[in-house]
Trainee: 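Take a look at this one; I'll ask things after.
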Protein chains: 2
Amino acid sequence: MKHIPHKTIERLSQYRRALLLCLSKGKDHIFSHEIAKIQHITPVQVRRDLMLIGYTGTLRKGYKIQELIELIGEIIDSKEGQKVAIVGIGNLGRAIIKYFKNKRPKLAIVAAFDSDPKKIGKKFSGVTCYNISDMPKEIKNQNITIAIMTVPDDRTIEIADLLVKSGIKGILNFTPRPINVPDNVFLEEYDMTTSIEKVAFYVKDVQA
Amino acid sequence: MKHIPHKTIERLSQYRRALLLCLSKGKDHIFSHEIAKIQHITPVQVRRDLMLIGYTGTLRKGYKIQELIELIGEIIDSKEGQKVAIVGIGNLGRAIIKYFKNKRPKLAIVAAFDSDPKKIGKKFSGVTCYNISDMPKEIKNQNITIAIMTVPDDRTIEIADLLVKSGIKGILNFTPRPINVPDNVFLEEYDMTTSIEKVAFYVKDVQA
DNA sequence: CTAACACTGTTAATTATTTCACAATTTTCT
DNA sequence: AGAAAATTGTGAAATAATTAACAGTGTTAG
Ligand SMILES: NC(=O)c1ccc[n+]([C@@H]2O[C@H](COP(=O)([O-])OP(=O)(O)OC[C@H]3O[C@@H](n4cnc5c(N)ncnc54)[C@H](O)[C@@H]3O)[C@@H](O)[C@H]2O)c1
Ligand SMILES: NC(=O)c1ccc[n+]([C@@H]2O[C@H](COP(=O)([O-])OP(=O)(O)OC[C@H]3O[C@@H](n4cnc5c(N)ncnc54)[C@H](O)[C@@H]3O)[C@@H](O)[C@H]2O)c1
C-alpha cells in the first residue's frame, strides 16, 4: 500500500470506534454518508479515506461494518500488539492510565515510571510503577515500544532523551515542552494550553 | 489584519510560552532561528508566522521578546479575559482544573458542572462544582464563554446541545464523540485514543 | 572603505489535504 | 423493460500549509 496521510490515519481510528458502536447496536452495513454524519465530515472524505486503504464497499449497500473494522485493525494495529508505558504518574498520568486500562486490546499499558519514592513499587490501576532509573532495563525486558510522557515540564527533555536511548519507538508527549527525536522514533505532541488558547482566540474573533 | 491560519495560532500560543521562559532567564532579544530551535521547526516558519501578525524585528538583532509576548497577547487574549467552565469533574476534569488553575491570567476557570450529588456544591482546586441543571443559568450569570467537556462518552451530545443552548461561544471537547455546533460556536476536539493509535501505526510502519 | 556576513521579510514554488464533479452501476419504481 | 434514484470510486480542481529562494540591509572584519 502506498502512503497514507496522517489525517487519514487519525480519521480511521475514529471511524473504527464509531463502527464498533454501530456494530454493538446490531447494524451490519453503513453508507459513507452515515459515517460522515457521525463524524461531522463529508461523505467524499470518508470514501476517499477508504479508497486510500483499498476498501471497497458494495454499490447501494454501503460498507460491511465488520469487515471494515477488521481492515482498519490490520492497518493500525500490529498483529501481536504493542506495549505502552506511562512516564510520570501524576494527575494526568493517573487519569490516562485509568482511562486506557483494557481499552484497546492491541495496546497494553504494561508499566509506569516515576521518580517519587512514594509511588515506586505501587500499582496504579493495576500497573506497576517502576523507578525511572530502571526505565532502560524495563523497556528492553518488556519490549515496550510506545511511551506516554506526563512528567514535569522541566524534566521533559532529559526524560525524552532517556527514552530514546532506551530504544523506544514512539512517544506521545503531553508536556508543553517540544522534544527532539531521531528519525526512527515517531513523535506526537499534544499541548492542551494551545488548544484552549486557540478556542479563546476564535471565540474572540467570532464575537468581534 | 487578514486571516490567520489555525496552525499559526497554535504556534503563536507555543511561541509565547517559549518566550516567557526565555524572558525569565534574562534574555531580551531572540532570533528566528533560536525560536525555531526550541520549537523544532524551521526559522522561515517562525518568520512567516510573525509576518502574518505584522510583527517586525530588527535586522541582525532579532525580535524583542517583551514586545512580541505582548503582541501575541493582544492577538490571542481578549482584553478583559474570558471565563471558562469544566463540564464533568471526573478523573480528567480534575486533572485539568488543577493544572490550569492560575496558569493563564486571561483564562479563568470559574465553574465546574457535574451531575453527581457527591460532587455538587464541593470545591475542586478552589472552583465550585454546580449541578449540571444550573448550567444555563450560571453560564449566563457569570458570562462564561468557553467550556471544556470531560463528561462520559454517552452524555456528550446532549451536554453539548445544552451548552450551545446556554449561549456558550467555544467548546473544547475531550470526549471521543464528535459533536455538532452552529457556526457561531467555535469547536475544538481532541481525541487521545486517536493520538495513541496514530503513534502505534507509525511505529509499526517504521519497524516494517 | 569595502567585502563578507548574518539576519529579516516576502514572493514564488511545492506539497498536503479537501472538495468538486461526474461516470459507473445497482436498485426501485412504473 | 425503461426511467429515476441512490450510491460508490476517482480524476481534476481548489484550498491550505510549508518550504525555497532571494532581495534588502545593517554589522563586522580586514
Ligand atoms: N494535569 C493536566 O491536566 C495537564 C494538562 C496538560 C498538560 N499537562 C502536562 O503534563 C505534565 C504532567 O502534569 P501533571 O499535572 O500530571 O503533573 P504532576 O506534577 O501531577 O505529575 C508529574 C509526575 O512526574 C513525576 N516526576 C517528577 N520528576 C520525574 C522524573 N525525573 N522522572 C519521572 N517522573 C518524574 C512526579 O513524581 C509526578 O508523579 C506536565 O508537563 C503538564 O504540563 C498536564
Ligand atoms: N481520563 C482520561 O485520561 C481521558 C482521556 C481521554 C479522554 N477521556 C474522555 O474524557 C471523558 C471523561 O473521562 P474521565 O476519565 O474523566 O471519566 P469520569 O467518569 O472520571 O468522569 C466523568 C464525570 O462526568 C460526570 N457526569 C456524568 N454524567 C453527567 C452529566 N449528565 N452531566 C454532567 N456531568 C456528568 C461524572 O459524575 C464524572 O464526574 C470521557 O469522555 C473520556 O472518554 C478521558
Side-chain angles (χ1 to χ4, degrees), chain A residues 1-15 19 22 27-65 67-68 71-72 178 186-189 194 198 201-202 205, chain B residues 1-15 19 22 27-65 67-68 71-72 178 186-189 194 198 201-202 205:
Chain A
M1 187 173 308
K2 58 260 131 197
H3 173 254
I4 303 178
H6 281 221
K7 292 289 179 67
T8 293
I9 292 296
E10 292 174 10
R11 282 188 298 264
L12 287 173
S13 158
Q14 287 162 15
Y15 297 163
L19 291 169
C22 291
K27 228 169 137 54
D28 64 339
H29 281 79
I30 194 165
F31 295 126
S32 62
H33 67 258
E34 292 177 296
I35 300 181
K37 185 105 185 271
I38 300 171
Q39 300 299 128
H40 302 117
I41 57 179
T42 67
V44 204
Q45 179 112 78
V46 173
R47 294 205 297 276
R48 169 137 333 241
D49 286 337
L50 300 190
M51 184 187 111
L52 286 171
I53 62 171
Y55 186 67
T56 143
T58 8
L59 200 38
R60 304 227 29 170
K61 283 238 176 58
Y63 305 96
K64 191 140 195 318
I65 294 179
E67 255 177 39
L68 186 46
L71 177 59
I72 294 176
F186 182 83
L187 172 65
E188 175 84 2
E189 308 199 280
T194 290
K198 185 177 171 188
F201 170 78
Y202 284 104
D205 218 41
Chain B
M1 189 172 308
K2 58 259 130 196
H3 173 254
I4 304 178
H6 281 220
K7 292 289 180 68
T8 293
I9 293 295
E10 293 174 10
R11 282 188 298 264
L12 287 173
S13 157
Q14 288 161 15
Y15 297 163
L19 291 170
C22 291
K27 228 169 136 57
D28 64 339
H29 281 79
I30 194 165
F31 295 125
S32 62
H33 66 258
E34 291 176 296
I35 300 180
K37 185 107 186 269
I38 300 172
Q39 299 301 125
H40 303 117
I41 58 179
T42 67
V44 203
Q45 179 112 81
V46 174
R47 294 205 298 275
R48 169 152 306 260
D49 287 336
L50 299 190
M51 184 185 108
L52 288 170
I53 63 171
Y55 186 67
T56 142
T58 9
L59 200 38
R60 303 222 34 167
K61 283 238 176 55
Y63 305 97
K64 190 141 193 320
I65 294 180
E67 256 177 39
L68 186 46
L71 177 59
I72 295 176
F186 182 84
L187 172 64
E188 175 84 3
E189 307 199 280
T194 290
K198 186 176 171 189
F201 169 78
Y202 284 105
D205 218 40

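Letters go in sequence order (proteins before strands), and every chain restarts at 1.
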Trainee: I need the B:E188 CD to A:K198 NZ distance, nearest 0.5 Å.
Mentor: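 So the gap between those two atoms works out to 4.0 Å.
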
Trainee: So if I define the base as every atom that isn't primed, P, OP1 or OP2, how would nucleotides 6-16 of chain D read as a B/S/- string at a heavy-atom cutoff under 4.0 Å?
Mentor: BBBBBBB----

Trainee: Run the salt bridge (charged side-chain N to carboxylate O under 4.0 Å, His left out) test against A:E34 and tell me which residues pass, sequence neighbours left out.
Mentor: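 Residues passing salt bridge (charged side-chain N to carboxylate O under 4.0 Å, His left out) with A:E34: A:K27.
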
Trainee: How long is the span from the CG atom in B:D49 to the CD1 atom in B:I41, to the nearest 0.5 Å?
Mentor: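 Spacing of CG (B:D49) from CD1 (B:I41) equals 6.5 Å.
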
Trainee: How many Å lie between CD1 on B:I4 and P on D:dA17, as a whole number?
Mentor: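 Between P of D:dA17 and CD1 of B:I4: 12 Å.
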
Trainee: Kindly compute the distance separating CG (A:L187) from NE2 (B:H40), expressed to the nearest 0.5 Å.
Mentor: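 It comes to 9.0 Å.
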
Trainee: Give me the first and last nucleotide of DNA chain C, going 5' to 3', that has any atom under 4.0 Å from a heavy atom of chain B.
Mentor: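 First-to-last contact on DNA chain C, by the 4.0 Å heavy-atom rule, is C:dC5 to C:dA12.
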
Trainee: Looking at A:E10, A:R11, A:Q14, which one forms a side chain to side chain donor-acceptor pair (under 3.5 Å) with B:T194?
Mentor: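 Considering A:E10, A:R11, A:Q14, a side chain to side chain donor-acceptor pair (under 3.5 Å) with B:T194 is found only for A:Q14.
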
Trainee: How close do A:Q39 and B:P178 get, heavy atom to heavy atom, and via which atoms?
Mentor: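 Closest heavy-atom pair between A:Q39 and B:P178: NE2-CG, 3.6 Å.
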
Trainee: Taking the six-membered ring for Trp, are A:Y202 and B:F186 parallel (under 30°), tilted (30 to 60°) or perpendicular (over 60°)?
Mentor: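 Ring orientation of A:Y202 relative to B:F186: parallel.
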
Trainee: Looking only at heavy atoms, which two atoms of B:Q45 and B:Y15 are closest? And how far apart?
Mentor: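 It is O-OH, 4.1 Å.
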
